[in-house]
Amino acid sequence: MTDISGDSKTVKASMEELSKDLKYKEYITVDSIDGDIATINFGPTHPATHGIFQNILKVNGEKILSSEQTVGYIHRAFEKLAERRPYNQITPITDRLNYCSSPINNIGWHMTVEKLIGADVPKRVDYMRVIIMELARIADHLICNSVVGVDTGALTGFTYMFQEREKIYELYEEVCGARLTTNIGRIGGFERDFSSAFHSKLKTFLKEFPKIFGQFDSLLSRNRIFMDRTRGVGPIGAERAMDYGFTGPNLRAAGVDYDVRVISPYSSYEDFDFIIPVGVNGDTYDRFMVRQEEIRQSLRIIEQAYSNMPEGSYKADVPDFYLPPKSEVYNNMEALIYHFKIVMGETKIPTGEVYHCVEGGNGELGYYLISDGGRAPYRLQFRRPCFIYYQAYPEMITGQGISDAVLTLSSLNVIAGELDA
Amino acid sequence: MNREYKEEIVQYLQENFPNAVLASEDAFDVPNIEIQAQTVREILQFLKKDSKYAINFLTLIGAVHYPDNAGRELAVVYHLHSWTKNIRIRIKAFLPIDYPNISSVMDIYPCADWMERETYDFYGVIFDGHKNLRRILNEDSMDYFPLRKEYHLEDATREDKDDRYFGRFKNSES
């Protein structure tokens, strides 16, 4: 009987809770009654968890009998913070939700505010946003899939894919100057048009990436060892996945073709031709394959958006929310006043309730915004896909091995920032 | 998307639950339907089973605190979505702050488990029938509900702060 406990008080309390709960008891099978049942802490700071997650596992040898999660280690009270911040200053908060694809969070928030203020966004902005969001999706999926590779013991693909992610980060850098927590764009569009450096880097990326990605794909997706390690690991059926509020690639791997980009198109997604890949078994292998295919589809979308980029402005005409250009601010009294008004959130905002959602890296990323006309939202709630589907994790790993729990966690792409808000 | 559905669905609910639907308004894109708090389970169950609108997915549960609404300070908000008809609705139930109890919908939608725990954690809404209603993101020993409006965030302009507690010393004191 091993008991490797970090914070013994919490662990004991959780264990008492665990043993009381009949729901978990029924998983303990006959063969474990005479065997040794060990309780181990998987996490919170374990190298295999890729983030701060604690799982208290009850195991018999390698087999997991039950699991109890603790979340909230990096809770930063974003919803409370948002109630004091002017709308522009909430964008940096959204960066820190799913930090593997921050631009999607930023742009989703901008679009929520635009819906509230009724901004008419030019087509060019939509296409620019689509390019940035799909780049972010590629970066998000690349990390997830290469980490699944690492957890099966294949480190090579990871190093190559990090190189590619670096190129995507360089593209963000050309647009907004930042890399990880991007704070990209503005309410109403972008702060500037795509630079010539962005254009040349994007062209190079679109030319070179498919080849390297193809190599990564051929390294893993039909690899005997990789398939044996991932097929049937951490499966969830379509019905169960919907019950547990799955969205995004994890739901599609279970065979449901729900995609926010298609069911309620935003940012002109209806203009593009792409398919929604779906899996069959909802296991780790299917999740991996769905993400691989989504990367290819994202490339298709980027190519279409880039080649059909409409002429026009890179920003909407919303002087109450879009900062005036710096040259104006330094030389013109009205522009300076507007600059301060916008930064301090003193501009008029309509009252109302808005729910807007985008297809984030992990699924339906929603923003429920209630405005009472004040400088900050009255209430802002984020629908964080990770938080909702991570509930299903114990059910998915019960009866599986410890190494399968690691793979399931990484293939679900649970991001601590999004989980804990 | 069909914009007609908003009045229709409110009417449909009113026909089936004559006393439960209290009010409705059209908030930008999604109808807000206020219902009696006691009926939330029946209505969500009905909407899930019903084939006319086929509302099959619980998107989000949240709460809002309106400290000035005497007797109905807390609003519990259910965001529902029909994937086949692509219809979104919001169901709201108002609760008094002295008795913030509402029944859990965990057995209708298993994903409500953590959403309800989060709502309890931040607003103190008690979901009757929830199997494991305890704090989720905050510390268990916390004795208040932080997203309620009476807990203000620190005002950046206040002057009564004692800088010694923040590692900063004024010149005269150092």
Side-chain angles (χ1 to χ4, degrees), chain A residues 10 13-14 17 20-23 69-77 79-81 83-85 115-116 118 240-247 256-258 263-264 350 352-357 364 366 368-370 372 376 378-384 387-392 395 419-421, chain B residues 1 25-30 32 48 56-66 75 77 79 81-90 92 106-115 117-119 121-123 131-132 134-141 146-149 151-156:
Chain A
T10 339
S14 319
E17 201 76 33
K20 261 187 239 160
D21 202 338
L22 280 172
K23 194 179 76 187
Q69 304 135 294
T70 317
V71 301
Y73 282 95
I74 59 162
H75 175 57
R76 292 146 296 171
E79 289 174 4
K80 190 76 182 174
L81 275 178
E83 288 178 12
R84 260 196 73 82
R85 289 184 166 223
K115 206 176 201 176
L116 178 71
R240 212 63 195 133
M242 280 159 76
D243 277 351
Y244 270 120
F246 274 53
T247 43
V256 184
D257 60 345
Y258 175 77
I263 195 164
S264 32
E353 288 183 28
V354 180
Y355 178 80
H356 184 71
C357 54
E364 180 174 332
Y368 177 43
L369 167 67
I370 301 179
D372 64 344
Y378 187 79
R379 168 88 166 109
L380 176 62
Q381 191 180 11
F382 302 107
R383 182 193 194 270
R384 315 185 306 279
F387 178 77
I388 293 165
Y389 68 63
Y390 188 47
Q391 298 177 68
E395 190 175 307
L419 181 73
D420 293 345
Chain B
M1 208 203 320
E25 55 167 346
D26 189 2
F28 281 82
D29 44 355
V30 180
N32 269 337
K48 197 181 182 186
N56 64 321
F57 193 72
L58 176 67
T59 309
L60 191 62
I61 297 178
V64 194
H65 186 204
Y66 298 100
V77 188
H79 299 247
H81 191 188
S82 157
W83 284 1
T84 44
K85 316 265 181 198
N86 195 15
I87 289 170
R88 285 178 192 275
I89 58 167
R90 260 196 300 268
K92 280 189 176 184
M106 197 178 148
D107 50 339
I108 306 170
Y109 294 104
C111 62
D113 181 351
W114 281 17
M115 299 189 210
R117 275 177 69 184
E118 196 188 17
T119 310
D121 193 355
F122 288 101
Y123 284 94
K131 293 201 180 78
N132 187 20
R134 55 195 176 95
R135 288 185 183 273
I136 183 157
L137 292 179
N138 289 311
E139 249 246 312
D140 285 339
S141 59
L147 267 173
R148 287 189 180 175
K149 289 284 177 189
Y151 301 106
H152 295 287
L153 277 165
E154 188 185 343
D155 184 356

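Treat the numbers as computed from the prediction; the structure is a model and nothing was measured. Letters A, B, ... are given to chains in the order of the sequence lines, protein chains preceding strands, and every chain is numbered from 1. Hydrogens, waters and symmetry mates play no part in the numbers below; they use all other heavy atoms, side chains included.
- Distance check: A:R379 CZ to A:D372 CG gives 13.5 Å after rounding to the nearest 0.5 Å.
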- request: Begin with the C-alpha distance, continue with both residues' side-chain angles, and end with the deciding distance and a verdict on side chain to side chain contact (heavy atoms under 4.5 Å, CB included) for A:Y355 and A:Y368.
  value: CA-CA 4 Å; A:Y355 178 80; A:Y368 177 43; 4.0 Å; yes
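- Only the side chain of A:I370 comes within less than 4.5 Å of a heavy atom in chain B; its backbone stays farther off.
- To the nearest 0.5 angstrom, A:M242 atom CE is 10.5 Å from A:Y258 atom OH.
- Contact of B:H79 with chain A is made through the side chain alone, with heavy-atom distances under 4.5 Å.
- A salt bridge does not link B:D107 to B:K48: none of the charged side-chain nitrogens sits closer than 4.0 Å to a carboxylate oxygen.
- The contact between B:R148 and chain A is made entirely by backbone atoms, counting heavy-atom distances below 4.5 Å.
- Neither the backbone nor the side chain of B:D121 comes within less than 4.5 Å of any heavy atom of chain A.
- For B:N56 and B:H81, the side-chain atoms include no donor-acceptor pair closer than 3.5 Å.
- For chain A, the option among B:I136, B:V64, B:I108, B:T59 with the highest count of heavy-atom pairs below 4.5 Å is B:T59.
- Ranked by heavy-atom pairs under 4.5 Å with chain A, the list B:L58, B:N138, B:V77, B:L147 is led by B:L147.
- Heavy-atom distances place no part of B:A75 under 4.5 Å from chain A, backbone and side chain included.
- Residue contact with chain A, scored on non-hydrogen atoms closer than 4.5 Å, involves the backbone and the side chain of B:P110 alike.
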message: Checking A:I388 against A:R383 for the side chain to side chain contact (heavy atoms under 4.5 Å, CB included) test, could you report, in this order, the C-alpha distance in whole Å, the side-chain angles of both residues, the deciding distance, and whether it holds?
response: CA-CA 8 Å; A:I388 293 165; A:R383 182 193 194 270; 3.7 Å; yes
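- Heavy-atom distances place the side chain of A:R384, and not its backbone, under 4.5 Å from chain B.
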query: What do the steps show when you test A:F387 against B:E118 for side chain to side chain contact (heavy atoms under 4.5 Å, CB included), and what is the final call?
result: CA-CA 10 Å; A:F387 178 77; B:E118 196 188 17; 3.6 Å; yes
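- Residue B:E139 does not touch chain A at all, counting heavy-atom pairs closer than 4.5 Å.
- The part of A:E364 that comes within reach of chain B is its side chain, from C-beta onward, which places non-hydrogen atoms under 4.5 angstrom from that chain.
- Two rings, from B:Y66 and A:Y378, have their centers less than 6.0 Å apart.
- No other option in A:C357, A:A392, A:G245, A:G366 has as many heavy-atom pairs under 4.5 Å with chain B as A:G245.
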